[in-house]
Amino acid sequence: VQLQASGGGLVQPGGSLRLSCVASGFNLDYYAIGWFRQAPGKEREGVSYISNSDGSTYYADFVKGRFTISKDNAKNTVYLQMHSLKTEDTGVYYCATVAMLPGLEAKFSSWYPTRHWGQGTQVTVSS
């Protein structure tokens with residue numbers, strides 16, 4: 001069971017990147033996936049999640065309107081399209097399997113990471 005994140009790089013402020021998270025050894029039809037990031041000296045934080053049951057998507061307030069999460073079931077891959085990147089978006093981006101806390105309203109804060117993590121891909125936004 002493995003998640004492989006890729007697509008990071010160096011981009012200027014205002015630029016775009018698309019991250020990919022390829023799953024192997026398990027079917028994403030049965031797992032929700034989230035993207036997380038960790039900036040230097042800061043704690044890891046959730047960025048976006050996509051449900052496996054109905055494809056619902058959830059975003060942190062600081063990326064709403066700029067990032068889009070999507071999934072290609074045929075490729076067993078989840079994407080994070082990032083536009084209008086800011087210097088504060090710099091960090092290592094990870095994908096992970098996630099689950100929703102039972103009994104809670106379906107919203108961004110109801111999700112948490114579970115056992116499978118990708119290795120991370122570096123995103124640097126700088127002029």
Following the transitive rule for hydrophobic clusters with a side-chain heavy-atom cut-off under 4.5 Å over Ile, Leu, Val, Met, Phe, Trp and Tyr, establish whether [X] and [Y] coincide in one cluster.
{"X": "Trp35", "Y": "Val98", "value": "no"}
{"X": "Val63", "Y": "Leu80", "value": "yes"}
{"X": "Tyr94", "Y": "Val47", "value": "no"}

**side-chain contact (heavy atoms from CB on, under 4.5 Å) assessment of Leu85 paired with Phe67** = CA-CA 9 Å; Leu85 283 162; Phe67 291 10; 3.8 Å; yes

For the [atom1] atom of [X] and the [atom2] atom of [Y], what is their distance to the nearest 0.5 Å?
{"X": "Gln81", "Y": "Leu17", "atom1": "CD", "atom2": "CG", "answer": "8.5 Å"}
{"X": "Gln2", "Y": "Ser24", "atom1": "CD", "atom2": "OG", "answer": "4.5 Å"}
{"X": "Arg18", "Y": "Ser16", "atom1": "CZ", "atom2": "OG", "answer": "12.0 Å"}
{"X": "Ile50", "Y": "Tyr59", "atom1": "CD1", "atom2": "OH", "answer": "7.0 Å"}
{"X": "Thr124", "Y": "Asp89", "atom1": "OG1", "atom2": "CG", "answer": "11.0 Å"}
{"X": "Tyr79", "Y": "Asp72", "atom1": "OH", "atom2": "CG", "answer": "5.0 Å"}

**Prompt:** So among Gln122, Arg37, Gln38, which one has a side chain to side chain donor-acceptor pair (under 3.5 Å) with Tyr93?
**Reply:**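 Only one option passes, and that is Arg37.
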
**Request:** List the steps and the verdict of side-chain contact (heavy atoms from CB on, under 4.5 Å) for Asn27 and Asn76.
**Result:** CA-CA 7 Å; Asn27 191 325; Asn76 220 28; 3.8 Å; yes

**Request:** Using the salt bridge (charged side-chain N to carboxylate O under 4.0 Å, His left out) rule, collect all pairs that involve residues 48-62, keeping only residues at least two apart or in two chains.
**Result:**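 Qualifying pairs, neighbours excluded: Asp61-Lys64.
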
**Request:** Identify the heavy atoms of Pro13 and Ser127 that sit nearest to each other, and give their distance.
**Result:**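 Nearest heavy atoms, Pro13 then Ser127: CD-N, 3.7 Å.
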
**Asked** What closest approach, in Å, do Gly46 and Phe62 show between heavy atoms, and which atom pair accounts for it?
**Response**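 Minimum heavy-atom contact is O-CZ, 3.6 Å.
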
**Request:** Mind checking side-chain hydrogen bond (donor to acceptor under 3.5 Å, both in side chains) for Ser126 and listing every partner two or more places apart, or none if nothing turns up?
**Result:**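 Partners of Ser126 by the side-chain hydrogen bond (donor to acceptor under 3.5 Å, both in side chains) criterion come out as none, since no residue qualifies.
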
**Item:** Whether Thr121 side chain and Gly8 backbone form a donor-acceptor pair below 3.5 Å
**Value:**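 It does hold such a pair.
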
**Message:** For Tyr49 and Phe36, I'd like to know if the aromatic rings sit close, meaning centre-to-centre distance below 6.0 Å.
**Reply:**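 Yes: the rings meet the under 6.0 Å criterion.
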
**Prompt:** How far apart are the C-alpha atoms of Arg115 and Val1, what are their side-chain angles, what is the distance that settles it, and do they pass the side-chain contact (heavy atoms from CB on, under 4.5 Å) test?
**Reply:** CA-CA 10 Å; Arg115 63 187 302 185; Val1 175; over 6 Å; no

**Prompt:** Which of these, Phe26, Trp117, Tyr30, sits in a side chain to side chain contact (heavy atoms under 4.5 Å, CB included) with Thr97?
**Reply:**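 Filter result, single survivor: Phe26.
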
**Request:** Applying side-chain contact (heavy atoms from CB on, under 4.5 Å), run through Ile69 and Val78 and close with a yes or a no.
**Result:** CA-CA 7 Å; Ile69 191 170; Val78 172; 3.8 Å; yes

